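Have a look at the structure below before the remarks.
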Amino acid sequence: MEARAIYELLAEKIGDGALGFTEGTGDPVADVAPASIVDACTFLRDDERCDFDMMMCLSGIDWDGYDENGKGKSVSILGYTDLGEPETTERASDGDFGVAYDLYSHRLKHKFTLRVRVTREVASVPTVSGVWETANWHEREAWDLLGIRFAGHPDLRRMLLDESWVGHPLRKDYQMPSEWDAVRLSGRDYAKNPFPPIAPPETPTPPAGDKPAEG
Amino acid sequence: MDALIALIQNAPGAANMSAQALHNTAAALMATLMFTVMALCAIVFTWMERKVAGFLQNRYGPMRTGRWHGWAQAVADMLKILGKEDIIPAEADKGLFVFAPILVLLGSLLAWAAIPWAPGFVAADLDLGLFYIFAVSSLVIIGILMAGWSSNNKWALYGAARGAAQMVSYEIPLALATIPVIMYTGSLNTQDIVIAQQGGLANWYIFRDPFLFVAFWMYFIASIAETNRGPFDMPETESELVAGYHTEYSGMRFAFFFLSEYANLFLVSLIAVMVFLGGWWAPLPLLDVIPPALTFIIKGVMMVFFNMWVRWTLPRVRVDQLMHLCWKVMIPIALICVLGSGIIQMVRG
Amino acid sequence: MATEDVKATGWADQDHVPEIKSELLELNMGPQHPATHGVLRLLLETDGEIVYKVTPVMGYLHRCAEKIAEGVNYKQWVVYTDRFDYLAPMCCNHAYVTALEKLMGQEVPERGEHLRVVAAELSRIASHLVSLATFGLDMGAFTPLLYMFREREEILNLLERIAGGRMLYNYMVPGGVRYDVPDDKWIKDVLSFVDMMETKKVPEYNTLLSYNKIFIERTANVCVISPEDAFTFGCTGPVLRGSGVSFDCRRDDPYGAYPKFDFEIPVGQGQMGAVGDCWDRYFVRMLEIEQSCRLIRQALETLPDGPYQAIELKKPVKAPMGAVYSRTESAKGELGHYLIGDGGQTAFRNKVRSPSFCNLQVVTKVGVGQMVSDLVALVGSLDIVLGEIDR
Amino acid sequence: MAQYFADIYEAVSSVLKGMRITFKHIYKKPVTLQFPDERQVMPERYRGFVHNDMTKCDSCNICAKLCPVDCIYIESEGKGKARMMTRYAIDYNKCIWCSLCTENCHTGSITMSHDYDHSVYDRRTLVYEFMDPTQETIPCHRATRIDMGWWVEPKEDKPKPKPKPAAEAAPPAETAPAPEAPPPADDKPAPGTPTPDDDKGVEN
């Protein structure tokens with residue numbers, strides 16, 4: 001079924017919860033209010049005409065800095081200064097968070113994308129892990145990396161990072177901590193100079209141009 | 001032993017020795033010899049295992065140490081293992097932890113006493129020889145259980161529990177498979193068993209009757225399980241239990257386990273040769289020129305090769321399947337062998 | 001856990017449930033364990049040999065690759081995609097460039113598509129070989145591992161000749177492939193390798209491992225994943241097909257040159273036990289090797305002339321604003337990229353939906369009630385790669 | 001009961017088949033190479049350690065900008081014709097052999113060699129300085145180099161590509177399309193180490 005037809009079915013079901021349908025560059029996407037996402041997902045899974053038995057992907061998004069005019073670029077990755085101190089950002093963080101759900105039906109072989117958008121202050125979306133089991137881990141990952149809470153999630157712990165980690169790295173205003181658990185986190189840049197001088201190495205000849213390796 | 005005593009008597013300066021002194025000297029000599037042979041066989045077999053595995057797997061195995069096909073690799077490994085730090089985990093039961101490898105080694109070492117290498121050349125010419133061998137080699141089980149328990153490591157405990165269950169179970173088919181032979185010989189004396197197989201290939205027990213042929217394979221399978229080698233290496237199962245009962249062992253203590261594994265391997269191979277494959281008798285009259293002890297060892301090494309070949313071909317069975325195999329397949333078949341062979345003996349008179 | 005609960009796990013009918021309950025033993029399987037294929041940690045609660053709870057813990061290999069994706073430009077990011085599934089990097093490259101081209105609306109020349117198929121399928125064979133080999137190793141069969149790595153080495157040599165790298169190729173670029181075929185001899189070598197694989201090697205593996213009775217006993221009827229479980233847990237690839245579902249992105253959601261070729265989707269048929277057991281998942285991979293060989297042969301025999309890149313290598317790549325989700329069939333399953341462009345040269349957000357990540361989740365359900373040895377078989381048959389789970 | 005014996009038969013026969021296959025391999029020639037004695041011949045496109053030919057390099061910074069892991073360090077002084085390169089270093093601790101630097105180099109100075117075997121005892125020794133220690137700076141501009149007698153005429157068949165804007169930043173304005181030249185200077189190892197190649201390199 002076409003995405004637009006699915007959206008119309010969905011809008012019929014959840015009423016005000018359906019916020020709009022966009023077609024343009026990329027996949028067609030249906031915006032849904034956070035409050036009705038579980039209803040929407042349950043409907044899409046159980047309805048005969050939709051039958052979305054699999055959630056392909058759940059992606060958390062930090063929309064901060066994303067501007068419809070293409071002006072607000074994504075911030076460049078924050079790393080370390082020459083002295084190994086974490087760089088800081090002056091960004092004001094006021095963008096929304098979003099979650100995109102990509103669904104697929106094995107029987108009807110059609111796809112559909114849902115999207116919810118919540119403000120940075122709220123940062124909480126109802127969980128759909130009761131609808132598809134796979135959402136469990138995807139949501140944990142989104143919580144871990146983006147700090148989006150999933151209300152009602154059975155096991156919302158950090159997944160890829162340690163429980164004691166501070167911050168959510170995929171946020172656009174994330175600042176790398178300088179140490180974690182008494183471990184200094186800055187990378188060692190051997191080519192820069194704060195390192196103590198070393199004795200001359202044992203003649204490491206730089207690689208020659210096209211000296212063939214002999215067999 | 002008698003042969004050894006006779007040898008010593010003939011040696012210069014030994015003529016005046018009392019019978020007791022002669023016996024003691026011979027015993028000391030024999031013990032030294034046994035231990036040396038065992039340590040040597042462990043070294044040779046580690047190298048052999050690697051080379052056999054290598055060639056079965058389309059690669060070379062060790063090639064560097066000692067120039068010719070890495071012959072010194074095992075020696076180098078032993079030296080390295082001797083130089084390693086001896087670690088006893090803080091939470092381990094120290095006494096048991098230290099004693100376990102010794103017990104394991106002891107178990108396999110004691111059994112060597114009753115192996116008949118050549119006519120008259122056996123350290124302990126016991127009337128209960130075969131029984132003695134099976135009895136003392138059971139000590140290994142206690143050692144493994146001790147090692148697993150005292151390590152205070154869950155994986156080690158798993159390995160020990162599996163190992164104990166496995167080895168206790170497989171003692172039964174192992175012993176049952178040899179019973180037809182004992183019935184034929186009418187003796188448990190190891191020398192008698194070998195002497196009864198004199199007279200070429202046809203007189204070897206394996207070819208005496210079809211039930212004995214089956215019994216030999218029962219013995220072979222059970223012996224693999226007894227030595228904890230693949231496909232029945234339940235106490236180790238490196239892909240499941242990390243390293244099983246010796247997970248926490250290092251250095252010399254680990255070497256003891258290692259040594260005992262290969263000593264055990266050679267031991268069960270020698271028993272197979274002794275019981276089923278004609279002991280020191282050459283298969284053909286043509287080969288009688290080879291000294292009996294050498295024939296015996298060559299046959300043993302061939303059995304070891306066969307064992308390695310099996311190990312490097314087959315996947316590992318699961319622990320419950322292992323038990324299933326033992327209790328529901330091998331013991332019935334071994335019992336049938338005992339019965340069938342007994343009937344044949346009765347018919348033949 | 002009450003005895004009734006234990007019976008619910010499926011062991012009841014086998015009378016394995018002990019009458020006297022003892023305390024459950026917590027067992028840390030990993031992160032350094034021979035059978036967890038990397039640095040996966042499984043927190044087990046066991047009673048003797050039987051597992052009552054499995055909690056996978058991961059992140060030991062986490063590099064926050066998705067953050068890096070926001071910091072490097074599209075072409076630089078191709079380099080990083082190699083590092084997800086380092087056993088089939090070509091498939092990862094393919095997945096990413098497909099997503100990017102979908103966002104850009106970029107067409108790829110025929111020859112480029114064919115070369116992509118050849119490279120990705122070779123990579124898939126290599127990945128499956130590693131998977132089968134390590135699965136055999138988990139079952140205790142060491143020798144097939146060496147035989148399969150011998151053939152994988154051949155593939156690495158072939159890919160090294162076309163892409164320049166042994167393991168991390170960085171071969172595909174947006175709009176095509178980086179290099180053309182090195183020479184005609186390469187094509188001949190690939191074809192002869194494919195022939196050898198089909199006629200000699202696969203039967204050899206089958207005799208040595210697939211049809212070995214001990215191996216069948218270890219894997220058949222073990223850890224059965226039902227199609228419903230596979231759907232809800234998002235299992236894809238050989239895990240889903242092992243459960244008897246005929247689904248393959250190459251056919252059902254076609255991309256690249258795949259629609260042009262003729263190939264079959266092998267599914268698990270429960271030959272040795274139930275549909276969806278470890279043996280089925282294992283054997284589906286074996287059959288897929290043959291199908292990949294077919295694909296390679298077709299792609300090379302019909303290799304068209306012409307350009308192999310649509311965008312000059314030195315040109316920077318820009319993608320418009322918008323979001324796409326694109327998926328491809330990697331060796332492990334459906335490898336998807338959720339890609340948001342912001343009109344510049346850098347992705348605004350790139351979420352990687354890695355197949356191993358989703359496939360692994362199924363152990364929390366299927367692993368319950370199995371023996372420790374069977375759990376090893378399950379993890380081995382899922383064929384996970386930690387580089388892709390932790391990203 | 002029939003199943004019981006069928007299982008036993010199947011087990012024995014499949015085991016024997018498997019053992020036949022492994023036994024056959026004893027007679028096959030091993031496929032492994034004895035590494036330090038025998039080495040694989042690397043194919044044409046093999047990407048080994050990165051090599052930079054300092055005679056061609058004009059310090060345009062494209063490679064450093066394009067490097068996904070920032071492992072190339074280029075420093076220069078001055079502007080325009082007077083611009084002098086003071087440092088060109090590659091940190092092989094970081095290099096991931098992706099070859100993005102080579103394919104965007106407009107002078108063709110940076111290439112991937114076939115070298116892969118550079119084990120060291122200290123990671124700091126994996127930072128390779130390509131500048132000659134005896135010569136403190138290298139002029140970047142083409143005309144200056146011609147004055148110094150460093151250049152021969154560029155080959156005609158090779159089109160001189162204009163430096164494209166690198167990934168995120170425009171290349172430095174001073175970059176000039178540099179022609180090819182015979183290598184007058186060889187690269188040099190990490191700082192302060194005299195190597196036999198050094199003298200030869202300068203004279204060439």
Side-chain angles (χ1 to χ4, degrees), chain B residues 49-61 148 152-166 221 224-225 228-244 247 308-325 328-329, chain C residues 11 14-16 25-30 32-37 44 46 48-50 133-151 153 204 207-222 278 282 370-377 379-380:
Chain B
E49 173 113 59
R50 289 172 173 202
K51 292 309 276 191
V52 168
F55 282 112
L56 286 175
Q57 292 164 353
N58 222 339
R59 59 191 174 90
Y60 288 104
N152 199 4
N153 178 316
K154 288 165 185 171
W155 297 114
L157 187 61
Y158 264 87
R162 285 182 178 188
Q166 168 189 344
I221 296 170
I224 297 176
N228 299 328
R229 289 169 59 80
F232 304 124
D233 50 351
M234 280 303 120
E236 289 179 40
T237 41
E238 75 269 19
S239 65
E240 289 156 30
L241 301 185
V242 190
T247 307
M308 288 174 179
W309 178 19
V310 169
R311 176 186 176 172
W312 292 107
T313 304
L314 297 180
R316 182 186 303 119
V317 299
R318 202 170 58 202
V319 61
D320 60 322
Q321 290 161 354
L322 187 82
M323 291 294 149
H324 177 275
L325 181 67
K328 294 190 183 164
V329 179
Chain C
W11 277 89
Q14 297 181 33
D15 292 332
H16 279 265
L25 181 71
E26 273 205 2
L27 199 56
N28 249 321
M29 197 162 160
Q32 283 156 13
H33 187 279
T36 50
H37 295 238
L44 310 182
T46 62
E49 290 280 346
I50 298 170
T134 51
F135 187 46
L137 186 65
D138 288 345
M139 299 296 104
F142 197 86
T143 302
L145 173 101
L146 273 298
Y147 293 170
M148 290 176 188
F149 268 64
R150 179 186 63 195
E151 270 72 68
E153 195 66 21
E204 185 180 298
T207 325
L208 195 56
L209 200 55
S210 314
Y211 296 129
N212 185 297
K213 184 70 181 164
I214 299 178
F215 182 76
I216 293 170
E217 285 293 320
R218 277 303 299 276
T219 52
N221 280 323
V222 166
C278 290
Y282 160 89
Q370 308 290 344
M371 295 173 79
V372 177
S373 316
D374 291 344
L375 195 72
V376 168
V379 173

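Residue numbering restarts at 1 for every chain, and letters A, B, ... go by the order of the sequence lines. The structure displayed is predicted, hence computed values, not measured ones.
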Side chain, backbone, both or neither: which part of C/Leu137 has a non-hydrogen atom closer than 4.5 Å to chain B?
backbone
Flag the pair B/Pro231 / C/Arg218 as yes when at least one side-chain heavy-atom distance between them is below 4.5 Å, and no otherwise.
no
Partner chain C: residue of B/Val317, B/Thr313, B/Leu157 with the largest heavy-atom pair count (under 4.5 Å):
B/Val317
Calculate, to the nearest 0.5 Å, the distance between atoms OH and CG belonging to B/Tyr158 and C/Leu27 respectively.
5.5 Å
How close do C/His33 and B/Leu241 get, heavy atom to heavy atom, and via which atoms?
NE2-N, 4.4 Å
Pick from C/Pro34, C/Gly136, C/Ala377, C/Pro144: which one has the most heavy-atom pairs with chain B under 4.5 Å?
C/Pro34
Residue pair B/Trp155 / C/Met29: nearest heavy atoms and the distance that separates them
CZ2-CA, 3.8 Å
Quick one: do B/Leu314 and C/Thr143 satisfy side-chain contact (heavy atoms from CB on, under 4.5 Å)? Show the steps, please.
CA-CA 8 Å; B/Leu314 297 180; C/Thr143 302; over 6 Å; no
Quick one: what part of C/Val222 sits under 4.5 Å from any heavy atom of chain B, side chain, backbone, both or neither?
side chain
Which atom names give the shortest non-hydrogen contact between C/Asp138 and B/Arg316, and what distance separates them?
O-NH1, 3.9 Å
Residue C/Arg150 versus chain B: region with a heavy atom under 4.5 Å:
side chain
Testing the basics here: between C/Leu209 and B/Pro315, what is the closest heavy-atom pair and its distance to 0.1 Å?
CD1-CG, 4.3 Å
Taking the side chain as every heavy atom from C-beta outward, state whether B/Arg318 and C/Asp374 have any pair of such atoms under 4.5 Å apart.
yes
Whether the side chain of B/Gln321 engages the backbone of C/Glu217 through a donor-acceptor N/O pair (distance < 3.5 Å, no angle test) should be reported.
yes
With only heavy atoms counted, which part of C/Tyr147 is less than 4.5 Å from chain B, the side chain, the backbone, both or neither?
side chain
